[in-house]
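The chains referred to below are lettered A, B, ... by the order of the sequence lines, with proteins before strands, and numbering in each begins at 1. Hydrogens, waters and symmetry mates are skipped; everything else that's a heavy atom, side chains included, is used.
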There are 2 protein chains.
Amino acid sequence: MDLDQLLILLKKKGYKTTPQRKTILTVLLEQKDNLLTAQGINLECIKHKKNTNITTIYRNLELLNEFDLVHKVISDDGTAHYKLKCIENHHHHLICKGCGKMEVIDYCPIKILENLSESKSFTLTDHKLELYGYCKQCN
Amino acid sequence: MDLDQLLILLKKKGYKTTPQRKTILTVLLEQKDNLLTAQGINLECIKHKKNTNITTIYRNLELLNEFDLVHKVISDDGTAHYKLKCIENHHHHLICKGCGKMEVIDYCPIKILENLSESKSFTLTDHKLELYGYCKQCN
DNA sequence: ATTGATGCAAACTTTTTGCACAGAC
DNA sequence: GTCTGTGCAAAAAGTTTGCATCAAT
């Protein structure tokens, strides 16, 4: 999925194409599987010399989240990190308890735990699996 | 692990036994595998007629977290939820995207995805596996 | 022309910090 | 008596909201 496809998708839903929206999506597309905070996106926008108000960034991220277009991960310090869903090929993250660095691992949950430590030279201490969906009442 | 054991453990590390600390630990022990926010703990303290300043709660949770005695889960709205690690028998959570309810599932990541939907009548839409540990540099 | 989008400032929520006083050892 | 713990108030950080204005369709 590229910039134009995303914009067309939003346009179909009644959302306009604006320079700010373009910049934010461009930044997210560039980052691929990297997780970025709202502040991080802001900095990237500045690098592109396309200053974008932080409020606008939040509002666009919320919009993207509504249509399930971004993956939102909340880190241990409570800050939200985002990346586009459309470019991810289903994988997960290694999060270093030392430096907080988030690294991508390409495989899916099942059976990765054992052969992970050596292949990434990452010492596993803990893991969190959170499953989302709808419970009996909400279904 | 019960209240006295926890208090002894902390005392060994140089931390004093105070009524507030006792109340907070008592509340956490009662909740077993339930996840509680700092505010939630506050409410429970009030129910016990042992009012405890919210700051004190945060400070004690931080202390417990330092010694890896609590499990800290951050939800999608950015609020931290806690429970004691010492009473959990390694499991994970189902988080309803509708109401946000967090329910315990007793098994571990591997191979639960397939037989989950029917056994809990929970419609899975998404899941997040986050692995924590130390990377090459931090090791 | 209409309706959504933006920018600014201010509000809000959760969490953290500074400081004086209280209390556990 | 010492030193950690507490409560209060204020600050900080991230995020959200209200409102007037701007701009894409």
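With DNA chain C read from its 5' end, the first of the two nearest nucleotides for Y82(B) and K11(B) is the one closest to Y82(B).
Contact check of residues 14-25 of chain B against DNA chain D (heavy atom, cut-off under 4.0 Å) returns Y15(B), K16(B), T18(B), Q20(B), R21(B). Taking a 4.0 Å limit (strictly below) on heavy-atom distances, residues 36-67 of chain B reaches DNA chain D at N53(B), T55(B), T56(B), R59(B), N60(B).
Between its opening and closing five pairs, the helix from dA1(C)-dT25(D) to dC25(C)-dG1(D) changes axis direction by 30°, a value rounded to 10 degrees.
Counting only residues at least two apart or in different chains, side-chain hydrogen bond (donor to acceptor under 3.5 Å, both in side chains) contacts with residues 2-13 of chain B are absent. Residue pairs meeting the ring-ring contact (aromatic ring centres under 6.0 Å, His included) criterion with at least one member in residues 11-34 of chain B, sequence neighbours excluded: Y15(B)-F67(B). Counting only residues at least two apart or in different chains, salt bridge (charged side-chain N to carboxylate O under 4.0 Å, His left out) contacts with residues 18-27 of chain B are absent.
Remark: Q20(A) engages no residue in a side chain to side chain donor-acceptor pair (under 3.5 Å) (not counting sequence neighbours). Residues meeting the side-chain contact (heavy atoms from CB on, under 4.5 Å) test with T79(B), sequence neighbours left out: T37(B), S75(B), D77(B), H81(B).
If you walk DNA chain C from 5' to 3' and mark each nucleotide with an atom closer than 4.0 Å to a heavy atom of chain A, the marks span dT3(C) to dA9(C). Taking the 5' to 3' direction, DNA chain D first and last meets chain A under 4.0 angstrom from a heavy atom at dG14(D) to dT25(D).
Expressed to the nearest 0.5 Å, how far OG1 of T17(B) lies from CG of L25(B) amounts to 9.0 Å.
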Acceptor/donor pairs from residues 42-52 of chain A side chains to any protein atom, 3.5 angstrom cut, sequence neighbours excluded:
residue: E44(A); atom: OE2; partner: K47(A); partner atom: NZ; Å: 3.0
residue: H48(A); atom: ND1; partner: E44(A); partner atom: O; Å: 2.7
residue: H48(A); atom: NE2; partner: E30(A); partner atom: OE1; Å: 3.4
residue: H48(A); atom: NE2; partner: E30(A); partner atom: OE2; Å: 2.7
residue: T52(A); atom: OG1; partner: K50(A); partner atom: O; Å: 2.9

